[in-house]
Undergrad: 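Please read through the structure below; I'll follow up with questions.
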Number of protein chains: 2
Amino acid sequence: MGSGDVKQEVTDKYSLRGRVFQRLRDDILSGKYEVGEELREVAIGEELGVSRTPVREAFRQLELEGLIQIILNKGAYVVGINDTDVRDIYLIRARLEGLAARWAVDRITDAQLEEMEENVYLAKFHAEKGHLEQMFDLDNRFHEILYEAAGSKMLEHQLKDYHQYVLRVRKKTLNNANRGPASNLEHEAIVDAIKSRNADEAERLAHQHIINAYENMLKNGLIRPED
Amino acid sequence: MGSGDVKQEVTDKYSLRGRVFQRLRDDILSGKYEVGEELREVAIGEELGVSRTPVREAFRQLELEGLIQIILNKGAYVVGINDTDVRDIYLIRARLEGLAARWAVDRITDAQLEEMEENVYLAKFHAEKGHLEQMFDLDNRFHEILYEAAGSKMLEHQLKDYHQYVLRVRKKTLNNANRGPASNLEHEAIVDAIKSRNADEAERLAHQHIINAYENMLKNGLIRPED
DNA sequence: TTTTGTATTATTGTATGCAATCCATGGTCC
DNA sequence: GGACCATGGATTGCATACAATAATACAAAA
């Protein structure tokens, strides 16, 4: 939020609470827990070898993220994320990602632009070699740079959240089909649009890029169409 | 998130933690604490008459909302919300609000549509009478209905958050100037577009509605232009 | 059989205690 | 005088203890 502030992940990895939070988040997103399942503080604590305190604090955060619902004096229940949510996220992300690209046109730093170009170059290389893990990481990073380049803590925060949400689904996307190379080309076009300061084009391309990713998932049956 | 789930405020008002959370959130948004100020668990606890535990849990939530930054073993620092953030929120909200209106066209229930029409009618009444408080509440409710009518927990959650953020700024907006009646007219147009199932128009109007609200704030000097 | 009241248990909400960490102060050595 | 290190106090991170609430089981009454 505050615009010119420190770069620091909101949830640190080195506190017990941070570890519990990330672990539970992963477990919920990966489907380890059934939707509607009740999470008990002691049980989770024992499983992770910590007391109730960090578990409770993690619960409060997960609640705020919408991953669990806490009912006073009753319990914490997994809300999860279904295909409808995934679709919604992609459609929301598409618009916000477009906005990010638009803002990046004016605000991107030279260093960020350079990293983007390197990213595209490397991604092309790894795509040829078939290095899926690297492609996945580079894709993640590409979008992160874009979010940062948009120069808005609010937007960055938001987009990173959504990005996280669909991480698991996305992993499948890149592995399956040959979305990788197509995605790379789109990245390249986005960078070009930003570099040539064409805001409309940047927004349009970034928007379409997310839509394409989603439709690719549909096409490969990774997600049910919905509606 | 899970799409068909219970209507329940994420943060309950009746636990100590809930009260601490809302209180701190209000205090931060209203500017009681300086940006960068350190919040100490014991001090806050004493002020509100509670122990560190609920304060800590509230801190974790505020951190996730981006209102404070917690540095491990060090402290919690107010991040706050500045004019840039407000602008960003309005621009983000404008796009998402448009999306909400678009989705509402297909998904709004008869009851919701009816409540919207009543809302517009009542708002017109109170505008004539100059009842600012009621207008403020009705305006809040109008947007809430729209978010609910969009039929997407993800989007609703998001928009309600942003709505909260700018609440204080918004209060000034309605009081000042004669934005009230203009806003009412725009609401009415949005309802009409939704009722006549014109998605493009609904999105355009809802988008513009937020932009107008923001520009009105600028015009009245409630916010500095920025950039 | 169903329902209702009650006692018991499980679980959460909050407070407190203890260990680890950080920060400021002051002292020592160069 | 300035850089380095030790020490004490303050503050957080986590664990545990206690209180309040809700769920369950079971018995008694209709």
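Just so you know, these numbers use all the heavy atoms, side chains as well, and skip hydrogens, waters and symmetry mates. So you know, we letter chains A, B, ... as the sequences are listed, proteins then strands, and number each from 1.
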Undergrad: Dump every N/O contact between nucleotides 5-11 of chain C and the protein below 3.5 Å, one line per pair.
TA:
{"residue": "C/dT11", "atom": "OP1", "partner": "A/R40", "partner atom": "NE", "Å": "2.8"}

Undergrad: Would you please name every residue forming a salt bridge (charged side-chain N to carboxylate O under 4.0 Å, His left out) with A/E46, sequence neighbours left out?
TA: none
Undergrad: Figure out the CD/P separation between A/E57 and D/dC14, and round it to whole Å.
TA: 7 Å
Undergrad: Decide whether B/R17 and B/Q61 meet the rule of one side-chain donor and one side-chain acceptor closer than 3.5 Å.
TA: yes
Undergrad: Side-chain N or O of A/R60 less than 4.0 angstrom from OP1 or OP2 on C/dG13?
TA: yes
Undergrad: What pairs with A/E117 under salt bridge (charged side-chain N to carboxylate O under 4.0 Å, His left out), at least two apart in sequence or on another chain?
TA: A/K195
Undergrad: The criterion is ring pair (Phe, Tyr, Trp, His ring centres under 6.0 Å); which residues satisfy it with B/Y77, sequence neighbours excluded?
TA: none
Undergrad: Could you state the atom-to-atom distance from CD of B/Q61 to P of C/dG13 in whole Å?
TA: 11 Å
Undergrad: Could you tell me how far apart A/R56 (CZ) and C/dT14 (C1') are, to the nearest whole angstrom?
TA: 8 Å
Undergrad: Take the protein atom CG of A/L16 and the nucleotide atom P of D/dT12, then report the distance between them rounded to whole Å.
TA: 17 Å
Undergrad: Between P on D/dT12 and CG on B/L72, what's the gap in Å once rounded to a whole number?
TA: 12 Å
Undergrad: What residues in residues 45-53 of chain B put a non-hydrogen atom under 4.0 Å from any atom of DNA chain D?
TA: B/R52
Undergrad: Checking A/D106 now: which residues fulfil salt bridge (charged side-chain N to carboxylate O under 4.0 Å, His left out) with it, not counting sequence neighbours?
TA: none
Undergrad: Ring pair (Phe, Tyr, Trp, His ring centres under 6.0 Å) with B/F59: which residues, sequence neighbours excluded?
TA: none
Undergrad: Which nucleotide in the list D/dG13, C/dG13, C/dT14 gets nearest to the side chain of A/I70?
TA: C/dG13
Undergrad: Would you please name every residue forming a side chain to side chain donor-acceptor pair (under 3.5 Å) with B/R60, sequence neighbours left out?
TA: A/E57
Undergrad: B/I68 CD1 to D/dT12 P: how many Å, rounded?
TA: 11 Å
Undergrad: Using a distance-only test with no angle check, is there a side-chain donor-acceptor pair under 3.5 angstrom linking A/E97 and A/Y162?
TA: no
Undergrad: How many whole angstroms separate atom CD1 of B/I71 from atom C1' of D/dT12?
TA: 12 Å
Undergrad: Could you work out, with salt bridge (charged side-chain N to carboxylate O under 4.0 Å, His left out) as the rule, every residue matching B/R40, not counting sequence neighbours?
TA: B/E38
